[in-house]
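A short write-up of the structure that comes next.
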Amino acid sequence: MNNLDMNWQKTLSLFQGKLDDYGLDKITFDSFFTTLEIKDIVGSVVTITIDTKWSLDVVEPYLTHLQEIYNTVTNGHYQLHLMTEEDFQKSHVHQEHLLQFDDHLNPDLTFDNFVIGNSNRIAQNASLAVAMKPGVSYSPLFIHSNSGLGKTHLLNAIGNYAKKRDPSIHVLFTTSENFVNEYIQSLANHSMDEFNYKYRQMDILLIDDIQFMATKESSSEIFFNIFNTLISNKKQIVITSDKPPRDLKGMESRLVSRFSSGLTVSIDTPEFETAKAILRKKIEIENVDYPITEEVLDFIATHFNTDVRELEGSLKRLLFYKLICGKKLDIIDLNFALEAFSDSYSQPAQKKELTVSNIKKCVADYYNLTVAQINSKSRTSSIIVARHIAMYLVRELIEDISFIQIGHEFGGRDHSTVMKACHKVQQKLEKDMNYRQAIQDIKKKLV
Ligand SMILES: Nc1ncnc2c1ncn2[C@@H]1O[C@H](COP(=O)(O)OP(=O)(O)OP(=O)(O)O)[C@@H](O)[C@H]1O
């Protein structure tokens, strides 16, 4: 008998010694449990097979007890996975193949090209710490910030760094949207075993934009189970979001509390010097072979500093302008930059104060409507869409405003109407990319 069988036989005999505690009798044990067989161990997942589906239904409720005993016997952190012999034979071929899954990491996003400043130092340090010692101290690591400030970059950097140190490590980068889609597809294809197997074998699971999983109840359930398995097996989970765990509206509270159980860090808008350092880094990466004056960097870092994506976009625009303007310039100076940005750089000064009226006006303008139409009782669908978005943005952007107050501001509507409108927007946001983009564009004009 090899070690594997010995450990399993020992597990079964310890389990048998506690039959009374589990409310089981010897006949049931002899009929169903003695045929259980370890088929496979991959990472921390131990696959056990049973002969029939109805035997599986009998044994499954006792799996956690068996797992506890098995982990005591082996002094390990294994996850027992039970399946019928038939399913095992079917999925075995896939499992071999699954070990070569695509990690979806972007190799260009590394710690080497991530510029550190006061705005992101803590997040960068925590990320590097988990990349060096995954699962040891800070699992889950939860990183939150506004859009475009480097969360996805750090997630990829963690995965790339850890893989470089140990190429055999199982790392997967995914967005919560992809996770949900993959889950739905697995349900439809009856391949949930493979789905579970894939995620449970991860040493590092990197999930981007978790906010999109809120309100997706069935996928939250499966994510919750995978999350617990990985954490209890001392694996590393890193999650990013546009808000801290406690503000994830619609997310199940047990998930929120799990997210907060590790380390939560945030990233702020880059301050002036960091913004300039990022610009220098990007210039280096783009292999720009002509000088760009310090004044130009100051100008971009001052006027286009909402987030790093905006900084990058401005630099790209400048370089593109140089390319197409045909001028024979061997330096980019402030005059040239002012010309390149003539239509957009005064924007920050024009930003509006955030009030209910401004939000209504901005949404109305966006949809070519009037504020009076937004306030009206009209049931025209385009007006309803705009009205709902305006209510949602007021609720999201103005602190401490109640549904009752919003109802009052929108032509004396009932608070439950406002709640329903906000809920509808939230749901649509998660499903419809164009809708999400439209709201982002309006927000950009506002904040
Ligand atoms: N500190 C940094 N140093 C260098 N590049 C950075 C830094 N922070 C962000 N970037 C770059 O800015 C761009 C946007 O970053 P990223 O996609 O990681 O933002 P995000 O916070 O995930 O945004 P979103 O919430 O919209 O997904 C990327 O090209 C990224 O490489």
Side-chain angles (χ1 to χ4, degrees), residues 104-128 130-131 141-161 173-180 205-214 238-245 247-249 251 259 264-288 297 300-301 304-320 396 429-430 433-444 447:
H104 297 295
L105 289 171
N106 178 344
D108 294 336
L109 301 177
T110 62
F111 285 117
D112 291 339
N113 56 27
F114 187 84
V115 176
I116 308 169
N118 290 339
S119 54
N120 59 28
R121 190 180 312 279
I122 293 176
Q124 190 276 353
N125 287 356
S127 301
L128 187 56
V130 305
L141 172 63
F142 192 101
I143 309 173
H144 65 93
S145 78
N146 287 337
S147 182
L149 292 177
K151 301 182 293 293
T152 307
H153 191 134
L154 282 178
L155 273 190
N156 279 279
I158 292 170
N160 286 322
Y161 187 95
F173 170 93
T174 188
T175 61
S176 69
E177 213 169 0
N178 282 344
F179 180 89
V180 171
L205 179 59
L206 307 161
I207 305 246
D208 209 5
D209 295 327
I210 197 76
Q211 67 273 12
F212 293 121
M213 203 182 288
V238 189
I239 298 167
T240 71
S241 165
D242 64 351
K243 16 183 128 44
D247 292 344
L248 283 168
K249 285 185 191 145
M251 188 72 80
F259 294 164
T264 299
V265 293
S266 64
I267 308 178
D268 288 327
T269 309
E271 65 291 2
F272 183 69
E273 283 308 329
T274 310
K276 277 178 68 180
I278 291 173
L279 286 170
R280 282 196 200 97
K281 186 65 161 183
K282 301 289 169 191
I283 290 169
E284 183 191 316
I285 292 170
E286 295 279 337
N287 278 326
V288 177
L297 300 187
I300 299 180
F304 302 99
N305 59 0
T306 317
D307 58 59
V308 181
R309 207 172 273 130
E310 191 182 27
L311 283 172
E312 278 181 346
S314 310
L315 183 67
K316 283 208 176 102
R317 178 176 175 151
L318 192 67
L319 302 184
F320 182 67
E396 202 194 314
L429 260 177
E430 280 151 21
M433 257 177 66
N434 294 332
Y435 190 77
R436 197 155 64 231
Q437 188 59 49
I439 293 187
Q440 263 174 16
D441 290 344
I442 300 171
K443 262 169 123 176
K444 235 181 172 169
V447 290

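Counting starts at 1 for both ligands and their atoms, in listed order.
Nearest-residue assignment for atom 28 (C) of ligand 1 (options Glu312, Gln211, Gln440, Lys282; heavy-atom criterion): Glu312. Taking each of Glu310, Arg121, His153 in turn, the one with a heavy atom nearest to atom 30 (C) of ligand 1 proves to be His153.
Among all non-hydrogen protein atoms, the one lying nearest atom 26 (O) of ligand 1 is Ser147 OG, 2.6 Å. In this structure, the protein non-hydrogen atom closest to atom 27 (O) of ligand 1 is Thr152 OG1, 3.7 Å. The single protein non-hydrogen atom nearest to atom 10 (N) of ligand 1 is Val308 CG1, 3.2 Å, given as residue, atom name and distance. Shortest contact from atom 15 (O) of ligand 1 to any protein heavy atom: Gly150 N, 3.6 Å. Taking atom 4 (C) of ligand 1 as the reference point, the nearest protein heavy-atom neighbour is Asn113 O, 3.3 Å. Looking only at protein heavy atoms, the nearest one to atom 17 (O) of ligand 1 is Arg309 NH2, 3.1 Å. Counting protein heavy atoms only, atom 7 (C) of ligand 1 is closest to Phe114 CE1, 3.7 Å. Taking atom 23 (O) of ligand 1 as the reference point, the nearest protein heavy-atom neighbour is Gly148 N, 2.8 Å.
Ion pairing between Glu177 and Arg436 holds under the 4.0 Å rule for side-chain N and carboxylate O.
Under the 4.0 angstrom criterion for non-hydrogen atoms, Asp242 is not in contact with ligand 1.
One side chain, Thr274 or Glu271, offers a donor N or O that lies under 3.5 Å from an acceptor on the other. Between the side chains of Asp209 and Ser176, no donor-acceptor pair is found at a separation under 3.5 Å. Thr110 and Asn160 share no donor-acceptor pair across their side chains, judged by distance under 3.5 Å alone.
Inter-residue side-chain proximity for Ile207 and Thr174 is flagged as met; some heavy-atom pair is nearer than 4.5 Å.
Classification of the Phe142-Phe259 ring pair by plane angle, with boundaries at 30° and 60°, yields tilted.
If you number the atoms of ligand 1 from 1 as listed, the ones under 4.0 Å from a heavy atom of Asn120 come out as 1 (N).
Residue Lys151 places at least one N or O, backbone or side chain, under 3.5 Å from an N or O of ligand 1. Residue contacts with ligand 1: Val115 is placed with a nitrogen or oxygen under 3.5 Å of a nitrogen or oxygen of the ligand (distance criterion only). By the 3.5 Å distance cut-off applied to N or O atoms, Leu109 is not counted among the residues near ligand 1.
Of the possible donor and acceptor atoms, one in the side chain of Gln211 sits under 3.5 Å from a partner among the backbone N and O of Asp242. At least one donor-acceptor pair closer than 3.5 Å links the side chain of Lys151 to the backbone N or O of Ser145.
Counting heavy atoms of neighbouring residues, nucleotides and ligands inside a 6.0 Å radius, atom CZ of Phe320 does not exceed 12 of them. No more than 12 heavy atoms of other residues, nucleotides or ligands shown are found within 6.0 angstrom of CD1 on Ile122.
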